[in-house]
Amino acid sequence: MSKILNKNIENLLKETLIAEELIQPALSEHEANKIILLVHEFISGSGCIRNYYRSITSSKEYRNREIEKKISLSKFHKEVLRCWEIFPKGFVKDVFKLYFYPIDDLYFNNDSDNKHIRYIMLALSNKTIAKIMTKGSFLKSAIFTRSIIVFYLVQFAKMNLFKKEEDRFMDAGLFAAEGSDLDLWEAQFKQMMDEPINKKLRALTFENAMQEAINADKVMNQESQDRAANCFGVGKTGPKKEDALSRFIGKLVQIDLANNKLSEWIEELLEKSKSYFRTDKKSEYEKFLDSDNPNLLQEFHHLHPKIRNLYLDDIMVKKDIPNNGINLYIDISGSMDAITLWEGEENKITSLDFAKALAVEMVGQKLIDQVYLFNHNIIEYESNTESLAKIVALGGTNISSVVNHIEENKKNALIITDAMDKCDKHSELVYFIGVKGASFRMFSKDVIKKYSNQGQIIMFDGKAIKNIGINGEIVNLKN
Amino acid sequence: MKRKITTTLLGKEEEFKLMELAKTLSLPLLFVGKPGISKTKIVLDYFNSISNNCENASSKFILETDESTSGSAVKGNVDLERLFTESKFETIAPITSAKCILINEIDKASSMIRNSLLGIMNERVLFAGKDNIPCDWEVFVATCNEIPRQEKQSPFFDRFILKHEVSSISSKQMLEYYNNGGRDYKSIIEVNCATKEAMNKITIPNEKLTIFVELFIDIVSNRTLTYLPDFVKAVSCIWEIGIDQAMVKCAQIMISSDAAVKLISKLYSETQLAIISKVELLRLQRNGSQSEKCLEEIKSLLNLYKKKEVVCESFLENIESSIKSNLKLGKVSNIHLQTVLN
């Protein structure tokens with residue numbers, strides 16, 4: 001299967017470049033490649049056709065087949081991929097345009113009647129209601145396009161695998177069977193689309209695409225959506241994991257869900273860590289005339305004239321020295337993803353998901369200067385929502401090296417960790433947030449004592465926020 | 001009546017319409033979007049179009065805020081001349097006399113500034129101690145790169161019933177911009193004005209208002225919903241669309257695209273949506289025989305609708321006018337069109 005995919009990528013882009021588009025104006029090469037690669041990635045895994053396969057195989061028509069004629073998911077998927085090879089890529093671009101651009105900006109370029117089948121397919125692909133969401137949005141238009149294309153590929157695969165030879169009136173390249181007349185061809189296609197199972201599958205296609213687009217809107221602003229649209233799709237070197245975009249949006253929704261369910265805890269944790277760093281803030285007094293704050297001159301006008309008559313040179317003003325921002329260090333050891341912090345009906349939140357939700361919230365509140373991930377190594381990481389959602393657990397932990405790193409940077413830092421490691425260094429710049437299962441007892445005795453005494457360590461187990469005692473033991477917070 | 005806006009921007013018609021809506025309804029408008037997508041330029045071009053008649057420095061008030069912008073930037077400064085010549089302590093607050101107000105980077109403004117702005121936005125009064133100075137603005141716009149996550153539900157941002165995310169233009173539009181002179185590009189955009197007379201002529205059926213209110217009463221503040229009827233009428237005039245579409249547009253502007261999708265599925269049946277979709281595609285047709293085939297399909301859908309559902313006359317009127325305007329480019333004879341519509 002991957003051979004088909006790898007072989008195709010170069011050809012796919014060449015084919016995309018010359019593919020005839022029914023709707024004008026034409027897509028730019030850059031946009032066309034992006035959308036084709038997104039569709040390609042979507043169909044590279046069998047996940048995208050699983051629901052269709054289930055619906056088809058549970059239909060009466062399929063259940064009545066003899067056992068030897070029954071078809072496995074992988075065979076079905078292979079046929080979908082084969083259909084994709086010959087499917088006209090210009091049609092993909094047309095569907096995308098239908099969703100991305102205002103209809104007033106588009107027109108058909110081809111007067112040829114033998115393209116009418118494409119028109120019928122486009123008419124079936126046109127969901128006016130959805131365009132409120134997709135117009136001008138590459139990501140959401142792409143979500144609808146790839147879902148619709150998969151729907152058609154499933155139709156062709158079904159026709160090839162399940163129907164009798166004489167019933168195959170059209171192949172995935174949209175070529176008519178030999179000798180068939182165009183009117184009959186169209187009538188057969190319309191009849192096929194009107195079959196109850198296909199009506200159901202088409203409704204399922206739009207429903208799923210709509211839900212995914214709504215999810216994308218819920219968890220990402222326009223800027224994040226643009227970035228996300230750019231970072232998915234198969235590279236020239238080969239296919240990535242199947243349907244990374246859907247999994248990515250799903251992950252963001254999950255983190256957002258964590259935020260809804262755990263938002264109060266997150267707020268409280270942030271408040272506690274912020275109040276520690278706030279005490280770190282310094283104030284100095286300087287002479288009014290030496291101050292570089294131009295607003296003081298304006299404020300001076302508001303002073304009572306009697307006060308203004310004082311010697312200016314004697315007036316001292318308070319100057320707050322900012323505490324130089326906060327960095328965030330997230331533990332990405334394997335154990336962070338192994339412990340379930342909270343479990344819902346459909347999904348669970350691991351400690352790592354919680355760390356991500358906390359990070360997303362802090363980035364949203366502009367509390368974070370820089371995000372670092374750590375296991376044995378420390379990696380500087382991008383601090384935007386979509387990057388944070390993509391964090392995955394690796395192995396190993398080295399907390400002491402993180403504390404050293406913070407000392408070198410001379411910047412306040414929050415460490416989210418399950419503390420499955422020893423630590424022999426204390427730093428006043430550090431504030432620890434432990435997650436469920438955190439074992440601070442592995443820290444050196446004098447080090448944990450200092451962190452505990454100075455209020456630099458706290459823990460959240462999914463149900464409550466707790467203190468850590470001087471020996472690394474968990475202590476309930478006093479109300 | 002149309003407003004002519006001279007602009008060097010391309011692809012910002014929607015934003016200009018929103019500014020016209022803000023002016024018509026006297027509501028503050030918030031533009032959200034990343035740096036460099038012309039938020040400020042849109043506002044300034046629109047300001048110029050309405051202040052041509054009264055072009056003077058005091059007609060506009062533009063403030064760039066940051067964390068250290070002091071309250072006096074809004075509340076005004078002491079009139080030093082009067083203080084020294086007449087010994088009277090008075091403040092000069094240019095914001096009170098401005099017709100057009102633009103506050104940039106509103107998310108970075110201190111709470112002191114925001115509190116001062118609340119009165120100006122809502123009550124149209126600058127509360128200055130014992131004095132309440134009336135404000136006479138026609139357009140009030142604020143911009144920011146993003147609404148801070150923790151402030152999305154805050155009373156301050158809730159005051160902006162009109163919020164809009166300004167997007168970048170597409171690569172195609174950028175190329176069009178280069179081909180039309182690049183940095184020398186200039187065009188005049190015409191935006192419909194929603195006059196009182198035009199708005200008074202519009203009647204919104206109660207059942208449609210009921211659908212909207214019942215659907216969104218729990219997620220939209222009462223304050224926002226009080227504007228709904230005028231909002232729908234103004235949108236209908238400015239965008240030149242029917243009541244149903246105007247209501248959908250309102251849901252999109254006031255709440256979200258998701259809400260607009262929900263409203264559509266309440267306002268229209270599946271057959272109606274299928275008809276709308278087909279009529280929309282008719283616009284793309286360039287071929288006579290294809291258009292006729294498409295019209296045939298619309299005809300059978302219309303028959304189905306008339307047979308199975310309670311017919312809404314305004315829907316049929318809208319469809320008829322859409323078919324007519326969509327066929328302007330096409331080659332279908334009027335005779336055939338009449339057979340479809342009858």
Side-chain angles (χ1 to χ4, degrees), chain A residues 22-25 27-28 30-31 98 100-101 103-113 115-116 119-120 122-124 126-138 140 186 210 213-214 217-218 221-223 226 259 267 293-296 298-299 301-302 305 360-361 363-366, chain B residues 11 14 32-34 68-73 77-78 80 83 87 89 91 107 145-152 165-172 175 248-249 251-252 256-258 260-261 263-265 268 273-274 276-281 283-290 293-294 297 326 329:
Chain A
L22 202 57
I23 296 178
Q24 291 295 311
L27 269 189
S28 71
H30 171 65
E31 282 171 331
L98 211 50
F100 185 76
Y101 291 108
I103 203 90
D104 295 0
D105 295 354
L106 304 171
Y107 58 91
F108 277 126
N109 79 333
N110 202 309
D111 286 6
S112 162
D113 270 352
K115 296 285 177 197
H116 196 243
Y119 167 74
I120 295 172
L122 276 174
L124 287 167
N126 189 34
K127 186 87 172 166
T128 309
I129 189 171
K131 284 193 265 183
I132 290 177
M133 306 186 82
T134 60
K135 202 165 67 181
S137 161
F138 191 96
K140 285 178 278 179
E186 279 179 26
M210 187 78 85
I214 289 172
D217 266 348
K218 265 187 198 160
N221 60 18
Q222 183 95 36
E223 200 181 338
D226 291 345
N259 246 330
E267 275 301 315
N293 183 356
N295 292 319
L296 290 174
Q298 286 183 12
E299 304 297 335
H301 289 307
H302 295 285
V360 166
E361 186 61 29
V363 166
Q365 290 194 25
K366 297 195 190 309
Chain B
E14 186 73 4
V32 186
K34 58 188 175 185
S68 62
T69 308
S70 75
S72 59
N77 292 311
V78 178
L80 289 175
L83 183 69
S87 295
F89 188 88
T91 50
D107 55 325
N145 296 137
E146 61 179 337
I147 301 176
R149 196 183 164 95
Q150 75 278 18
E151 289 190 56
K152 278 195 174 142
E165 196 163 341
V166 183
S167 317
S168 318
I169 57 171
S170 65
S171 55
K172 199 175 284 295
L175 293 170
V248 172
K249 186 94 198 161
Q252 193 180 8
S256 64
S257 301
D258 181 14
V261 169
L263 184 66
I264 286 191
S265 48
Y268 299 106
L273 287 173
I276 293 170
S277 178
K278 285 267 185 251
V279 172
E280 200 176 63
L281 278 187
R283 191 176 202 92
L284 308 183
Q285 300 288 1
R286 287 260 163 120
N287 174 303
S289 70
Q290 284 182 9
K293 274 186 185 177
C294 189
E297 286 168 355
N326 288 353
L329 294 169

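Everything numeric in this text was worked out from a predicted model, so none of it was measured.
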Problem set entry | Residues K131(A) and N126(A): side-chain donor-acceptor under 3.5 angstrom | yes
Seminar exercise, completed: Applying a strict 4.5 Å limit to non-hydrogen atoms, the region of L27(A) in contact with chain B is backbone
Exercise. So what's closer than 4.5 Å to chain A heavy atoms on V32(B): side chain, backbone, both or neither?
Worked result: neither
Exercise. Side chain, backbone, both or neither: which part of I103(A) has an atom under 4.5 Å from a heavy atom of chain B?
Worked result: both
For this session: Measure the shortest side-chain to side-chain distance between D258(B) and D217(A) over non-hydrogen atoms and say whether it is less than 4.5 angstrom.
Result: no
Seminar exercise, completed: Smallest heavy-atom separation, L122(A) atom then L98(A) atom, equals O-CD2, 3.7 Å
For this session: Against chain B, label Y101(A) side chain, backbone, both or neither, depending on which of its atoms sit under 4.5 Å from a heavy atom there.
Result: side chain
Exercise. Can you tell me how far the CG atom of L263(B) sits from the OH atom of Y268(B), to the nearest 0.5 Å?
Worked result: 9.0 Å
Exercise. Which distance, rounded to the nearest 0.5 Å, do you find between the OG of S256(B) and the CE of M133(A)?
Worked result: 7.5 Å
Problem set entry | Q24(A), part contacting chain B, at a heavy-atom distance under 4.5 Å | neither
